[in-house]
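Input: a single structure, listed below in C-alpha cells.
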Amino acid sequence: MAGDAGAAKGVDAAAQRPVVRTACAGGKPRVGIVGLGRAGSALGTALSDAGYPVVAVHARSVTALERARVRFPAASVGTPAAVAEASDVVILTVSDDVIRDVAGGIASAGALRAGQVVVHASGRHGTDVLHPVLACGAFRAAVHPIMTLSGAADDAGRLAGAGFGVTADPGAQPVVNALVTAVGGRVVSVPEQARTAYHAAVVLGANYLATLVTATLELLETLGVGQPADAVAPLLEQSLRNALERGPAALTGPVRRGDAETVRAHLGALAALDQRVASVYAALAALTVDQLERAGLAGVELAAGIRDVLGTAGG
C-alpha cells in the first residue's frame with residue numbers, strides 16, 4: 001500500500017511540474033504523429049504549415065503511408081515507439097478504443113522522457129486514458145478539434161477558426177495552447193469529468209444535424225419534390241444561423257405557435273411514410289416544448305396542448 005501511495009504522489013507531482021521541453025532549431029517542438037487518418041493528417045498538415053516540424057509518423061495502411069510521404073516528406077516512418085523517441089510532442093490520432101493501449105505500449109517501450117507532451121485528439125476521452133505516460137514523466141493532453149473532417153486536402157484549413165476541446169495537465173497546457181493557436185484555433189477548456197457528455201453534446205449538434213437534414217431530403221424526394229436540397233437550403237442555413245445567434249428565441253414552427261392539431265397531422269403523415277422519422281419528430285417536439293418553457297416562451301396552456309397531442313400519438 002505504501003508503494004501505491006508513493007506512486008500516486010509521484011503521478012500528481014509529474015502532472016504539476018513545469019514543462020521541460022526539447023525544442024528544434026527555431027524554438028518549436030518536434031511533432032510526431034501516430035495514426036494518419038482524417039484528424040492526424042489535418043492536424044499534422046496545419047502544424048507543419050505553421051512551422052512545426054513533423055519529424056516522425058506511424059501509419060498502417062498503404063494509403064496513409066503514401067499520404068505521409070506526400071505531406072511530410074522529411075518525416076521518418078516507424079513504430080509508435082520510434083515516433084515517440086524522435087518527438088517532443090506525440091499526437092495519437094488513433095481510434096478511441098485503442099488510445100490507452102497505444103500510450104501504454106509507448107510507455108512500456110521506454111520511448112518517453114520527462115517533459116514530453118503526449119496528446120490525443122479524441123472528443124470522448126480526457127487525460128485519464130493517457131495515464132501510462134505519467135510514469136515516464138510525460139505530460140498528457142486531450143485536444144479535440146470541434147470540426148468535421150472529410151479527409152479532403154483542405155481539412156487543415158478548416159481548423160482555422162475552429163474550437164478545440166482541451167483537457168490537459170498543467171505541464172502540458174502552455175504547449176497545447178500554443179499548438180491550437182498556431183493552427184488558428186481557439187482553446188475551449190473542458191473539465192476531465194465532463195469529456196464524455198461534452199462529446200455527446202457536440203455529436204448531437206453535428207452528426208445528428210446531418211441525420212435530420214438527410215431525413216428531410218429523403219422525405220421530400222419520396223414525395224416527388226424536385227431538387228430538395230435547393231428547395232430547403234436557404235431555410236436550413238437561416239435556421240442554423242438564428243439558432244446560433246439567438247438560442248431558444250429562434251425556435252419557430254407549429255410547436256412555438258401552439259398549433260397542436262398541425263403537430264397531430266404531421267405525426268400522422270410521417271407515420272404513414274416512416275414510423276422512425278415520426279418518432280424522432282415527436283421526441284424533438286417534446287424537447288422543443290421543454291426548451292420554450294425554460295426560456296419563458298411557452299405558456300401553460302400552449303405546452304399542455306402540445307403534450308396532449310404527443311401523448312395521444314405515443315410521443
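Not measured: the values here are computed from a predicted model. Each residue takes its place number in the sequence, starting with 1. Only heavy atoms go into these numbers, but all of them, side chains included; no hydrogens, no water, no symmetry mates.
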For the atom pair CG (L43) and CG (L179), what is the distance rounded to the nearest 0.5 Å? 9.0 Å
Above 12 or not: heavy atoms from other molecules or residues under 6.0 Å from CD of E301? no
If we ignore hydrogens and angles and just use 3.5 Å, is the side chain of H144 paired with the main-chain N or O of G165 as donor and acceptor? no
Does the side chain of V143 reach to within under 4.5 Å of the side chain of V180, using non-hydrogen atoms? yes
Is any side-chain heavy atom of V183 closer than 4.5 Å to one of F164? yes
Quick check: do T45 and D49 have side-chain heavy atoms less than 4.5 Å from each other? yes
In this structure, CD1 of I306 is separated from OG1 of T288 (nearest 0.5 Å) by 9.5 Å
Please check: side-chain N/O of H58 versus main-chain N/O of A81, any donor-acceptor pairing under 3.5 Å? no
Close side-chain approach of V176 to V187, heavy-atom, < 4.5 Å: no
Check whether more than 12 heavy atoms from other residues, nucleotides or ligands sit under 6.0 Å from atom CD of E192, and answer yes or no. yes
Looking at R113 and D88, is there a salt bridge between them, counting it only when a charged N and a carboxylate O are closer than 4.0 Å? yes
For D97, salt bridge (Lys or Arg N to Asp or Glu O under 4.0 Å) partners two or more places apart: R124
Does some side-chain heavy atom of Y208 sit less than 4.5 Å from a side-chain heavy atom of V203? yes
How many angstroms lie between atom CZ of R140 and atom CG of L134, to the nearest 0.5 angstrom? 4.0 Å
I99 and L130: CA distance, side-chain angles, deciding distance, side chain to side chain contact (heavy atoms under 4.5 Å, CB included) verdict: CA-CA 7 Å; I99 293 172; L130 296 175; 3.8 Å; yes
So CG of D169 and CD of Q173: to nearest 0.5 Å the spacing works out to 9.0 Å
Does the distance from a Lys or Arg side-chain N to an Asp or Glu carboxylate O, for E293 and R307, drop under 4.0 Å? yes
Are the side chains of L223 and L273 in touch, meaning some heavy atoms are under 4.5 Å apart? yes
d(M147 CE, L159 CG) to nearest 0.5 Å is 7.5 Å
Check: H266 ring centroid to Y281 ring centroid under 6.0 Å: yes
We want to know whether S150 and R38 form a side-chain donor-acceptor pair, criterion being a heavy-atom distance below 3.5 angstrom. no
pair L220-T216: side-chain heavy atoms closer than 4.5 Å: yes
Using side-chain heavy atoms (C-beta onward) and a distance below 4.5 Å, is V118 in contact with L92? yes
Which pairs of donor and acceptor atoms, one on a side chain in residues 225-238, lie under 3.5 Å apart (sequence neighbours left out)?
{"from": "Q238", "atom 1": "OE1", "to": "R241", "atom 2": "NH2", "distance (Å)": "2.9"}
{"from": "Q238", "atom 1": "NE2", "to": "N242", "atom 2": "OD1", "distance (Å)": "2.9"}

Under 3.5 Å, side chain of R30 to main-chain N/O of P53, donor-acceptor pair present? no
Starting at NE2 of H199, measure out to CG of L204 and round the result to the nearest 0.5 Å. 12.0 Å
Counterpart residues, salt bridge (Lys or Arg N to Asp or Glu O under 4.0 Å), relative to D128 (two or more places apart): R100
